[in-house]
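Each ligand, and each atom within it, is numbered from 1 in the order the structure gives. Only a predicted model underlies this, so the values are computations on that prediction, with no experimental measurement involved.
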Amino acid sequence: MIRTRGLTKRFGQIVAVDDLDLDVREGDIYGFLGANGSGKTTTVRMLLGLVLATSGEVKLLDHPMPGSARMVLPQVGALVEGPAAYRNLSGRVNLALFDAMGRDGDASSRDQRIEEALEQVGLAAVDKRPVRAYSLGMRQRLGLAGALLRRPRLLILDEPTNGLDPQGIKEIRALLLKLHASGTTIFLSSHLLAEVEQLCTRVGVLDQGTLVIQEDLATLQQPTGRTLVRTPDVKLARGLLDGQVEEHDAASLLVRVADPAELNSLLVGKGVRVEELSPERRSLEDIVLAATHPASDQVAL
Ligand code: ATP
């Protein structure tokens, strides 16, 4: 759905995006992570043909961008750097204008699609008040409604939960999952690790313009081969697992055994009360920090 090869953008001396090979497949919810200034927005803008690349290629839905923009963009919903809207007009009128400005906005179904998009983002009850009276969260939702108007196959969203409160973030997450379940491929940029961890199936991590990780989340977070055991009988368990306990505290142990079932039956068989037992997985935070600050932790040791 999105493929870039050697995509590079320079602003004078600054290399904002450096030799980027992105692969977003149909059915992905792709989380594009990176610190402030790492090049996410510049990348998103190049994907959509809003900024010209210094070098490299972009394909959206298998067609080269920006050359095929007129054909491709009607199938792509986008929200980049906060929604643009006429502040003195209502949300509905803004959406109608936005739809009419696109070449393929089918006028006969416009009102229905607008109501549907407003409903999807939780703005169905919005009245005629102008956008200038909207909260930041409402404007963000309106921008998302604009992205959904054409019932796109691919959604490209730059920081879609910016400015939303926790309830709003939860609602947008539920909406994106629903759209994904109905067949929409989603690419979203974010600097929020927790958001990406909860929502995405695939992750790309940008560090100072360079893609340092691109992988399925399930692969990144596969079990490490160690098992975490919670038990009130730490001392007894340590005696039984001599040599395999890598860390422990007063209530838990981290054991170098990959199979929790095997470990459970061994411990319970010897009278250890097991309260909880789970395979250890790395958090996305640990994975991203290791990839973006590879030397610093180790140098300190
Ligand atoms: P944020 O999360 O803060 O939005 P980002 O990851 O989206 O950051 P970009 O906005 O793409 O990062 O910026 C990447 C780099 O390119 C930064 O160093 C930024 O200062 C620089 N940059 C972006 N746009 C321009 C521009 N028009 N002119 C000069 N430098 C730019």
Review point. Of all residues at least two apart in sequence or in a different chain, which pass the salt bridge (Lys or Arg N to Asp or Glu O under 4.0 Å) check with R5?
Key: D23
Review point. Could you give all pairs that pass the salt bridge (Lys or Arg N to Asp or Glu O under 4.0 Å) test and reach residues 261-279, with sequence neighbours left out?
Key: R230-E276, D233-R273
Identify the protein atoms, limited to N or O, that lie within less than 3.5 Å of an N or O atom of ligand 1, and list each pair with its distance to 0.1 Å.
{"from": "ligand 1", "atom 1": "2 (O)", "to": "N36", "atom 2": "ND2", "distance (Å)": "3.1"}
{"from": "ligand 1", "atom 1": "2 (O)", "to": "K40", "atom 2": "NZ", "distance (Å)": "3.0"}
{"from": "ligand 1", "atom 1": "3 (O)", "to": "N36", "atom 2": "ND2", "distance (Å)": "3.2"}
{"from": "ligand 1", "atom 1": "3 (O)", "to": "G37", "atom 2": "N", "distance (Å)": "3.4"}
{"from": "ligand 1", "atom 1": "6 (O)", "to": "S38", "atom 2": "N", "distance (Å)": "3.1"}
{"from": "ligand 1", "atom 1": "6 (O)", "to": "S38", "atom 2": "OG", "distance (Å)": "3.3"}
{"from": "ligand 1", "atom 1": "6 (O)", "to": "G39", "atom 2": "N", "distance (Å)": "2.9"}
{"from": "ligand 1", "atom 1": "6 (O)", "to": "K40", "atom 2": "N", "distance (Å)": "2.9"}
{"from": "ligand 1", "atom 1": "6 (O)", "to": "K40", "atom 2": "NZ", "distance (Å)": "3.0"}
{"from": "ligand 1", "atom 1": "7 (O)", "to": "T41", "atom 2": "N", "distance (Å)": "2.8"}
{"from": "ligand 1", "atom 1": "7 (O)", "to": "T41", "atom 2": "OG1", "distance (Å)": "2.7"}
{"from": "ligand 1", "atom 1": "8 (O)", "to": "G37", "atom 2": "N", "distance (Å)": "2.7"}
{"from": "ligand 1", "atom 1": "11 (O)", "to": "T42", "atom 2": "N", "distance (Å)": "2.9"}
{"from": "ligand 1", "atom 1": "11 (O)", "to": "T42", "atom 2": "OG1", "distance (Å)": "2.5"}
{"from": "ligand 1", "atom 1": "12 (O)", "to": "G39", "atom 2": "N", "distance (Å)": "3.1"}

Would you find more than 12 non-hydrogen atoms of other residues, nucleotides or ligands less than 6.0 Å from [X] atom [atom1]?
X    : atom1 : answer
D249 : CG    : yes
Q208 : CD    : no
E119 : CD    : no

Study note, to complete from the structure: Contacts of P279 meeting side chain to side chain contact (heavy atoms under 4.5 Å, CB included) (sequence neighbours excluded), chain-then-number -> P223, P260, R281
